[in-house]
Amino acid sequence: MSLVIESLTVEHGAIRAVNNVSFSVKKGELAALIGANGAGKTTLLRTLSGLNKASHGKAHWLDTNLLHAKPEQLVRHGVSHVSEGKSVIPELTVEENLEIGALWRRNKKEMSQSKALILELFPRLGERLLQRADTLSGGERQMLALGRSLMSKPELLLLDEPSLGLAPLVVEQIFQSIRELTKTMGITVLLVEQNAMGALKIADVGIVLNLGAVAISGTASSLIADPAVRAAYLGY
Amino acid sequence: MFQLLNTVLIGITAGSIYSLMAIAMVLVWRSTRVVNFAQAGMALLSTYFGYEIIHMSGSYWLALPIAMLAGAAVAAAIELIFMRLLLKHSSQGAIASIAPIIATLGLLGLIKSIIGYFWGNQDVTIDSPFSNVGFTLGSHTLALSPMKLFILLAVVFLTLVLSLIFQKTNLGLALRASAYSPEISRLAGIKVDLVRTFGWSLAGAAGGAAGMLQTANGNGTLSPDSLEFSLLLAFGFIAAVIGGLDSLIGAVLGALLLGLVLAFVLTYVGGSLVFITAFVLLLVVLLIRPGGIISQKAGRRA
């Protein structure tokens, strides 16, 4: 096991957004974290990347304790978080948005290598390098957000709702890219999604969160086949 | 005709010094969203350091960079020791928007008192490194002296260096990214807190330069209650607001515009209307274009 979360609780004032959550994800796996609006998915992810403070519990990625570090430090330990919405800086150009992901590596050569790799993965970004990010379409912005994250050579990728606000065809493309990333680069992914079916289709394992607690977890295919999950989260 | 030329020259020189102060305000605003009224005190303190260096070594040329370094150090210290804590403790509710402003006003008073404590309240003087006597053209004396020419060149040089840092270096990219979106910058691995401290220290250096140039441009006197520095603060702030507070180019344009307008009022209308004009201009810009004279999209590039 590589990402291990034990009895994690996160409180916002009196509200327990995440309540005693435990699960783990193997290295190289793509895990889908699904659940209704307000189930605590985003809070959980923000806690793992150092944006929110945990109240109790433990969370480790390999040897790195995720709960006592700032996001900028966790990036240096291979943990990268793409936050909800299109996580790009609209005022910067596409190229600058990519480059900020690799500034901390202080290595021009590695930076341009990573950039070349990402532009191969998302050729559309290459055509728009000098445009401001706010001129991009929703799908392109999501590609840019993923690209920026990959610039920091992550081992663990935390993705928050990459499908949010995108057209179905574009969602399909983004999900395929995410699947490819894990296969070709060996990146472990924790994918938070409202689009439960889409996420489970590409995932290896699934975790269902309900009211801040783990309701069900298992292989993605077993969750898709589970009548209770189908009724509650997949809508049929 | 000659009067017109001289008015333009006076306006541009004055505007160029305001622009350094405006740039300092913009740098702090961009890095921490604080309107820093202590900037005048910081600039004054830096200039006192410059005065000490001149006193010891006799060299303005040594004093100018050291005053800028002192300004950077003072600003970094204020950000690290005081502002960071303040912003953390009053980040929510009604106090969040007012606390930093009150705090910088308090700092302004504190810095002036400290200067009074160490240097006394009497004037001290700095000699200009260049002549303040204008060049002559035939029988006319231009409102451009060797000192004013140096000020113009120095301001152009410093503005170019700052723009290059912002647009061409990784540090500049980190500064811009942190200003636009601290959270995404953190997630990208940028040490936003450190970048903010650096933004303050750049502002401190710009303020130090403004103070040293302004003092050498005027009658060379310094005191804790220097009217010149209060004007520098007021006009630098107005220029920054005219420019939109968020843009370096806007700050420079706002300062030049302000300098020119005030010079024309001074020459053609009367000295007693200068302050009224400055503040009316501020209010008019706030009413008509609260985002500054250059549009948001173009303005946020630099």
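Everything numeric here is computed off the predicted structure, so don't read it as measured data. Chain A is the first sequence line, chain B the second, and so forth, proteins listed ahead of strands; every chain is numbered from 1.
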Give the minimum heavy-atom separation between A/Arg76 and B/Gly189, together with the two atoms involved.
NH1-O, 2.9 Å

Do other residues, nucleotides or ligands put more than 12 heavy atoms under 6.0 Å from the NE2 atom of A/His77?
no

What part of A/Leu74 gets closer than 4.5 Å to chain B, counting heavy atoms only: side chain, backbone, both or neither?
neither

Would B/Ile184 and A/Arg148 satisfy side-chain contact (heavy atoms from CB on, under 4.5 Å), going step by step from the backbone distance to the final call?
CA-CA 10 Å; B/Ile184 293 178; A/Arg148 186 262 293 156; 3.7 Å; yes

Indicate yes or no: at least one non-hydrogen side-chain atom of A/Val75 is less than 4.5 angstrom from one of B/Leu187.
no

Please name the pair of heavy atoms, one in A/Leu92 and one in B/Ala177, separated by the smallest distance, quoted to 0.1 Å.
CD1-CB, 4.0 Å

pair A/Gln73-B/Lys191: side-chain heavy atoms closer than 4.5 Å
no

Are B/Arg186 and A/Glu72 close enough for a salt bridge, meaning some N to O gap below 4.0 Å?
yes

Report yes if some heavy atom in the side chain of B/Ser185 is under 4.5 Å from a heavy atom in the side chain of A/Ile89; otherwise report no.
yes

For B/Leu164, I'd like to know if atom CG has over 12 heavy atoms of other residues, nucleotides or ligands within 6.0 Å.
yes

Gap separating the CD atom of B/Gln167 from the CD atom of A/Glu96, nearest 0.5 angstrom:
7.0 Å

Which value, rounded to the nearest 0.5 Å, describes the distance between B/Ser181 atom OG and A/Ile100 atom CD1?
7.5 Å

Looking at chain B, which one of A/Leu103, A/Val82, A/Val79 has the largest number of heavy-atom pairs inside 4.5 Å, strictly under?
A/Leu103

Please walk me through it: do B/Asn170 and A/Lys108 pass side-chain contact (heavy atoms from CB on, under 4.5 Å)?
CA-CA 10 Å; B/Asn170 285 347; A/Lys108 285 246 171 206; 4.1 Å; yes

